[in-house]
2 protein chains.
Amino acid sequence: MTLSRPTHREVLWQTEDAFERGDMITLFGRCTVEYDGRAASTLGLGNRLVILKPDGAALVHTDEKRTPVNWQPPGSEHHAAVRDGQFRIRSERTTPAETLDVRFEAVHQFSALSVTGGRDLDLQGSEEDLRQHILDDPELVESGFLPLATERETSAGPIDIYGEDDEGVAVAVELKRRRVGPSAAGQLQRYVAALREEFGDGATVRGILVAPSVTDRAAALLDQHGLEFVALDPTTGRPPEKSEE
Amino acid sequence: MTLSRPTHREVLWQTEDAFERGDMITLFGRCTVEYDGRAASTLGLGNRLVILKPDGAALVHTDEKRTPVNWQPPGSEHHAAVRDGQFRIRSERTTPAETLDVRFEAVHQFSALSVTGGRDLDLQGSEEDLRQHILDDPELVESGFLPLATERETSAGPIDIYGEDDEGVAVAVELKRRRVGPSAAGQLQRYVAALREEFGDGATVRGILVAPSVTDRAAALLDQHGLEFVALDPTTGRPPEKSEE
DNA sequence: ACTTACATTTCGCAC
DNA sequence: GTGCGAAGTGTAAGT
């Protein structure tokens with residue numbers, strides 16, 4: 001259902017009907033946007049595409065970027081009204097308290113869309129896949145590596161794969177699906193430190209970062225703390241080609 | 001410009017015209033989606049909203065979530081074609097090499113939208129704002145704090161605010177606009193360790209994390225490393241109310 | 001509701 | 001182009 005150059009009243013009726021039906025709404029028109037919540041923002045007049053989803057999500061898109069210029073996450077409540085010659089959408093949520101106000105000077109187009117069909121994506125190449133590759137063939141990490149647990153808890157957080165090397169020394173393995181920087185090195189360092197603390201009096205714990213590649217600075221940080229790096233690609237589960245490193 | 005229940009041919013012509021004009025395109029219809037690049041995914045048949053932006057961004061939205069189910073970032077190249085009774089969009093980019101394929105069994109609606117007007121958001125409450133509050137009034141961190149530099153480089157990365165306390169001891173201040181977890185504590189720890197390394201032989205360096213609040217685990221990590229915490233709200237630049245902590 | 005970490009994160013900025 | 005960290009990050013899983 002689409003309206004071209006509708007009156008504000010028409011948009012209001014159709015919006016309420018669409019909410020009722022659980023349709024997704026798209027509005028294109030000249031509007032301002034105000035947001036207040038975790039931060040606060042204002043956006044001056046311009047033509048934008050506004051999307052209202054039946055799950056409570058709201059998106060305001062300009063002609064640039066993948067990220068909406070303003071939005072409201074799912075679970076928000078949308079309300080529509082006509083006031084002061086404007087068609088207005090107010091979207092509110094709690095925890096945290098946030099409001100999004102879109103005020104249309106003119107709505108160029110209104111659509112109510114019945115969105116049906118699958119929304120479950122079949123995705124490959126995640127960190128989870130990389131973990132499965134390693135559990136299927138622990139030698140990928142190193143000869144004699146024995147995985148003992150996944151998501152093994154420490155005081156600093158959960159270790160992706162916890163195990164032992166061929167000499168029975170504890171090993172913390174941290175997985176990343178893409179090239180890693182300093183933060184991943186720091187993360188592994190936290191886990192290894194937590195294990196050493198847990199085991200007490202100078203226990204030996206090794207830390208291995210598994211990822212397609214590392215930046216220089218991350219490599220230096222790993223080095224500083226005696227941590228190791230193993231190059232593996234998340235999709236193939238094999239060492240990446242040199243061109244991919 | 002909008003077409004309802006157009007033929008694939010009509011959509012193709014209008015799509016090419018819209019690309020030419022630099023319009024934003026919205027398509028609603030029954031389609032499958034395939035993605036291959038940093039990861040890979042497939043999405044079965046269903047009604048979705050597809051948005052093609054003139055900057056090369058592509059978005060595929062279902063009726064749920066704020067995040068598109070599939071997408072392509074700005075800078076991609078969109079191509080349209082009719083083949084095997086389908087209207088197809090292929091969006092490609094390089095570095096990294098990624099392709100997005102949307103195949104429409106039926107296009108229920110096509111729109112070409114001329115998106116004009118401001119897209120610059122005026123946003124308040126960022127980490128940058130918090131920094132300005134502190135530079136305007138360093139006492140917010142602690143009595144006698146003297147900022148000497150922002151983005152001060154270390155071997156582990158840049159320190160948000162570098163300065164000295166009232167006794168001339170070096171202080172690294174890390175800012176966060178929201179409640180912090182273990183990673184922020186680790187980040188500050190990296191910077192402080194880098195400064196100690198840089199200054200050599202047991203030099204004293206203090207680290208202060210400034211944020212609205214901390215999680216328990218993060219507080220424990222700070223404690224472990226002798227790091228400190230100061231509670232400040234990024235918007236007001238003042239200690240947050242108890243209810244906000 | 002809160003914590004924790006992943007994400008095809010995206011985005012901006014500096015080198 | 002790569003590196004690095006912020007973001008109103010969003011999202012899922014566990015507690």
Side-chain angles (χ1 to χ4, degrees), chain A residues 35-41 57 59 64-75 93-100 121 123-128 130-131 151 153-154 156-160 174-184 186-187 190-191 213-218 234-235, chain B residues 35-41 57-58 60 64-76 93-100 121 123-131 151 153 156-160 174-184 186-187 190-191 213-218 234-235:
Chain A
Y35 154 75
D36 193 44
R38 289 166 291 176
S41 73
L59 311 172
E64 287 185 341
K65 304 290 153 66
R66 202 216 67 154
T67 306
V69 64
N70 275 117
W71 69 90
Q72 199 70 293
R93 71 158 176 162
T94 51
T95 51
E98 294 192 297
T99 61
L100 180 73
L121 198 66
L123 183 77
Q124 288 152 51
S126 63
E127 181 181 303
E128 165 72 26
L130 177 56
R131 178 169 69 185
E151 304 294 312
E153 276 301 330
T154 73
I159 296 172
D160 284 336
E174 173 63 28
L175 308 175
K176 290 294 169 205
R177 67 171 306 283
R178 60 177 201 175
R179 183 173 174 83
V180 296
S183 66
Q187 193 182 347
R190 293 202 322 267
Y191 298 157
S213 59
V214 236
T215 66
D216 289 350
R217 194 171 265 177
T235 43
Chain B
Y35 155 73
D36 192 44
R38 287 166 292 175
S41 74
V60 182
E64 288 186 338
K65 305 289 152 64
R66 202 216 68 155
T67 307
V69 64
N70 276 115
W71 70 88
Q72 198 72 289
S76 309
R93 71 158 175 161
T94 52
T95 52
E98 293 192 299
T99 60
L100 180 73
L121 199 66
L123 182 78
Q124 287 153 50
S126 64
E127 180 182 305
E128 166 71 25
D129 293 325
L130 177 56
R131 178 169 71 186
E151 305 294 311
E153 275 302 330
I159 295 172
D160 284 337
E174 173 62 29
L175 309 175
K176 291 292 171 208
R177 68 170 305 284
R178 62 178 197 175
R179 184 173 174 82
V180 295
S183 67
Q187 192 183 348
R190 295 204 317 270
Y191 298 158
S213 59
V214 235
T215 66
D216 289 349
R217 194 172 264 175
T235 43

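Every chain is numbered from 1 and lettered A, B, ... according to where its sequence line falls, protein lines coming before strand lines.
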Hey, is the main chain of A:A97 close enough, under 3.5 Å, to the side chain of A:T94 for a donor-acceptor pair? no
Taken to the nearest whole Å, CH2/A:W71 to P/D:dT11 is 11 Å
Of D:dT11, C:dT3, D:dG3, the nucleotide closest to the side chain of A:T215 is D:dG3
Problem set entry | Side-chain heavy atoms of A:R179 within contact of A:T215, under 4.5 Å | yes
By nearest-nucleotide position on DNA chain D, the 5'-leaning member of A:S41 and A:V214 is A:V214
**Prompt:** Under 4.0 Å: is that the gap between some side-chain N or O of B:Y191 and OP1 or OP2 of D:dC4?
**Reply:** no
Between CD of B:Q72 and C1' of C:dT8 the distance, given in whole Å, is 9 Å
Nearest-angstrom distance, C1' atom, C:dT8 to D:dG14:
25 Å
- Item | Side-chain touch B:L100/B:S76, heavy atoms, less than 4.5 angstrom | no
Check every strand shown and say whether A:R131 touches a base, only sugar-phosphate, or nothing at a heavy-atom separation below 4.0 Å.
nothing
Pairing string of DNA chain D (Watson-Crick or G-U wobble, both atom distances under 3.5 Å; | = paired to other strand) is |||||||.|||||||
Heavy atoms only, 4.0 Å cut-off, all strands: where does B:P182 land among base, sugar-phosphate and nothing?
sugar-phosphate
Residues at least two apart in sequence or cross-chain that pass side-chain contact (heavy atoms from CB on, under 4.5 Å) with A:R178, listed by chain then number, are none
Looking at B:G125, is its backbone amide N or carbonyl O close enough to the side chain of B:R177 to form a donor-acceptor pair, meaning the two atoms are under 3.5 Å apart?
yes
Between the base of C:dT8 and the side chain of B:N70, is there any donor-acceptor pair under 3.5 Å?
-> yes
Review point. What is the nucleic acid contact for B:E151, judged by heavy atoms within less than 4.0 Å: base, sugar-phosphate only, or nothing?
Key: nothing
Worksheet item: What nucleic acid atoms does B:R178 come within less than 4.0 Å of, heavy atoms only: base, sugar-phosphate, or nothing?
Response: base
*With C1' as the reference atom in both, quote the distance from D:dG5 to D:dT9 in angstrom, rounded to an integer.*
13 Å
Taken to the nearest whole Å, CZ/B:R66 to P/C:dT9 is 15 Å
Sorted by position of nearest nucleotide on DNA chain D, 5' first, the leading residue of B:L121 and A:P74 is B:L121
Whole-Å distance, B:D129 CG to D:dG8 C1', equals 12 Å
Rounded to whole Å, the CD-P distance (B:Q187 to D:dG3) equals 18 Å
Handout entry: Side chain to side chain, B:Q124 and B:D129, heavy atoms closer than 4.5 Å
Key = yes
- [ ] Assign A:S126 to base, sugar-phosphate, or nothing according to its heavy-atom contacts below 4.0 angstrom with the strands shown.
- [x] sugar-phosphate
Between A:L123 and A:E64, the residue closer to the 5' end of DNA chain C by nearest nucleotide is A:L123
note: B:L130, atom CG; D:dA6, atom P; distance rounded to Å ~ 12 Å
When rounded to whole Å, the CG to P distance for the pair B:L175 and D:dA6 reads 9 Å
For A:T95 and C:dA1, is the shortest distance between a side-chain N/O and OP1 or OP2 below 4.0 Å?
yes
Here the distance between atom C1' of D:dA7 and atom CD of A:E98, to the nearest Å, is 13 Å
Just to be sure I understand the rule, does B:A156 reach a base, reach only the sugar-phosphate, or reach nothing, if contact means heavy atoms closer than 4.0 Å? sugar-phosphate
Practice task
Establish, with yes or no, whether the OP1 or OP2 oxygen of C:dT4 is under 4.0 angstrom from a side-chain nitrogen or oxygen of B:R217.
Solution key: yes
**Q.** Salt-bridge criterion met for A:R190 and A:E174 (N-O under 4.0 Å)
**A.** no
N or O in side chain of B:R179 less than 4.0 angstrom from C:dA1 OP1/OP2: no
Between protein and nucleic acid, restricted to nucleotides 12-15 of chain D and to nitrogen or oxygen atoms under 3.5 Å apart, what atom pairs and distances do you find?
from: D:dA12; atom 1: OP1; to: B:K65; atom 2: NZ; distance (Å): 3.0

Please work out if A:E174 contacts a base, only the sugar-phosphate, or nothing of the nucleic acid, heavy-atom cut-off 4.0 Å. sugar-phosphate
| said: So A:G157, base contact, sugar-phosphate only, or nothing? Heavy-atom distance under 4.0 Å. | reply: sugar-phosphate
*For A:R38, does its backbone N or O pair with a side-chain atom of A:E98 as donor and acceptor, under 3.5 Å?*
yes
Donor-acceptor pair, side chain of B:R66 and main chain of A:L59, under 3.5 angstrom: no
